[in-house]
Amino acid sequence: MSRYDPFPSLPSGPDAGALQSQLANRVELSPLPPGWRRVAGIDLAMGRHSHLGRAAVVVWDRESGTIVEELRHEGPLNVPYRPGFLAYREAPLILECLERLRTLPDLLMCDGQGIAHPRGLGIAAHLGVHTGLSSIGVAKSPLFGRWEHPGLEVGCTSRILAPDGRRIGSVIRSRAGGRPLWVSPGHRCTVADAEAAVLACLRGHRLPEPTHLADRLSKRRPDLIPEEVDPLFPA
DNA sequence: GCGACAG
DNA sequence: ATCTTGTCGC
Ligand SMILES: [Mg+2]
């Protein structure tokens, strides 16, 4: 992929929330590109002291079920984590990783919320607006909105509603009787398409294949040459 | 003021 | 997110 427009990404401070609200206005809830198949799963792992991070991107083809391209990028994590501001901590490294990607994915599948966020800008929406690409947020736990437990069978879903009653996402049972997923569109995607896309990428694991692969790649220790050590997990 | 709180 | 070994259950 080419280059992304670097724009105001004030890490934290009193304006962090205002900036998210501002960027949320750029979110588009339009249909996913017809025939989408290249899905870029995204995740980031960090060292014990959370000072170093390793972002991973795996472009997975849903038609062939194969990996088109995968890469990762390590670097310092300068912003502390705070609920509601995850993107300020993880997006910088992830964007550097995406800039090095040669394949142009049809959509981004991120580990975290899409628009199901206090100010409508979870990390998936944040990355979508920054790159201009379609994106979906796949979170392992809820953050914002009202929801009900979906049925216990694989594929069962329920709705996530904002305080005003508007639908902002879906709770999806990806494994029979297992803990569900909280899914919401990030950018250039509808609530219905986000739900359908995640269901279409399920391959037996709790997480859809793209994010499952990115999660594993981010945590996999690098191939070490003799005297080298893993920056994230020394010794 | 109290409780909640992605990764 | 990471810290940590075995253990209970399908
Ligand atoms: Mg993650």
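Residue numbers begin at 1 in each chain, while the letters A, B, ... track the order of the sequences.
- Proximity of a side-chain donor or acceptor of A:R206 to a complementary backbone N or O of A:K140 within less than 3.5 Å is detected.
- Contact check for A:I115 versus A:L29: side-chain heavy atoms found under the 4.5 Å cut-off.
- Counting heavy atoms from C-beta outward, A:W147 and A:P142 have side chains that approach closer than 4.5 Å.
- With a 3.5 Å limit on both pairing distances and Watson-Crick or G-U wobble geometry required, DNA chain C contains no stem of 3 or more pairs.
- Look at A:R48 and you won't find any side-chain N or O under 4.0 angstrom from OP1 or OP2 of C:dT2.
- Residue A:D215 contributes atom CG, which lies 7 Å from atom P of C:dA1 at whole-angstrom precision.
- Regarding A:R54, its CZ atom lies at a distance of 10 Å from the P atom of C:dT2, rounded to whole Å.
- Between the side chain of A:R102 and the backbone N or O of A:E69 there is no donor-acceptor pair closer than 3.5 Å.
- In this structure the side chain of A:V198 reaches within 4.5 angstrom of the side chain of A:V138, judged on heavy atoms.
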For DNA chain B, what dot-bracket results from Watson-Crick or G-U pairs at under 3.5 Å, with [ ] for crossers and | for inter-strand partners?
-> .......
Derivation of the salt bridge (Lys or Arg N to Asp or Glu O under 4.0 Å) call for A:R37 and A:D61 | CA-CA 5 Å; A:R37 52 185 292 178; A:D61 186 317; 2.7 Å; yes
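- Nucleic acid contact class of A:G84 (heavy atoms, under 4.0 Å, all strands): base.
- The stretch residues 135-171 of chain A touches DNA chain B through A:A139, A:K140, A:S141, A:P142, A:L143, each having a heavy atom within less than 4.0 Å of the strand.
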Below 3.5 Å between N/O atoms, which protein atoms pair up with nucleotides 7-10 of chain C? Just atom names and distances, please.
none

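- Residue A:H117 is classed as a base contact, given a heavy-atom separation below 4.0 Å to a base.
- With contacts defined as side-chain heavy-atom distances shorter than 4.5 Å, the pair A:C189/A:L32 qualifies.
- Here A:A116 lies out of heavy-atom contact (under 4.0 Å) with every strand.
- Not one N or O on the side chain of A:R216 forms a donor-acceptor pair closer than 3.5 Å with the backbone of A:H212.
- In this structure, the side chains of A:R203 and A:W60 come closer than 4.5 Å at one or more pairs of heavy atoms.
- A donor-acceptor distance shorter than 3.5 angstrom exists from the side chain of A:Q20 to the backbone of A:G84, with no hydrogens or angles considered.
- For A:W36, there are no ring pair (Phe, Tyr, Trp, His ring centres under 6.0 Å) partners, not counting sequence neighbours.
- Within the 3.5 Å criterion, the main-chain N or O of A:L181 finds no donor-acceptor partner in the side chain of A:R179.
- The footprint of chain A on DNA chain B, defined by a heavy-atom cutoff below 4.0 Å, extends from B:dC5 to B:dG7.
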Taking it one step at a time, do A:L52 and A:R54 satisfy side-chain contact (heavy atoms from CB on, under 4.5 Å)?
-> CA-CA 7 Å; A:L52 290 176; A:R54 180 156 57 216; over 6 Å; no
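- Using a 4.5 Å heavy-atom threshold, the side chains of A:P80 and A:F85 count as separate.
- For the pair A:E195 and A:T157, the minimum side-chain heavy-atom distance is below 4.5 Å.
- For the pair A:Y88 OH and C:dA1 C1', the interatomic distance rounds to 20 Å; values are reported in whole Å.
- Counting heavy atoms from C-beta on, the side chains of A:P208 and A:L202 come closer than 4.5 Å.
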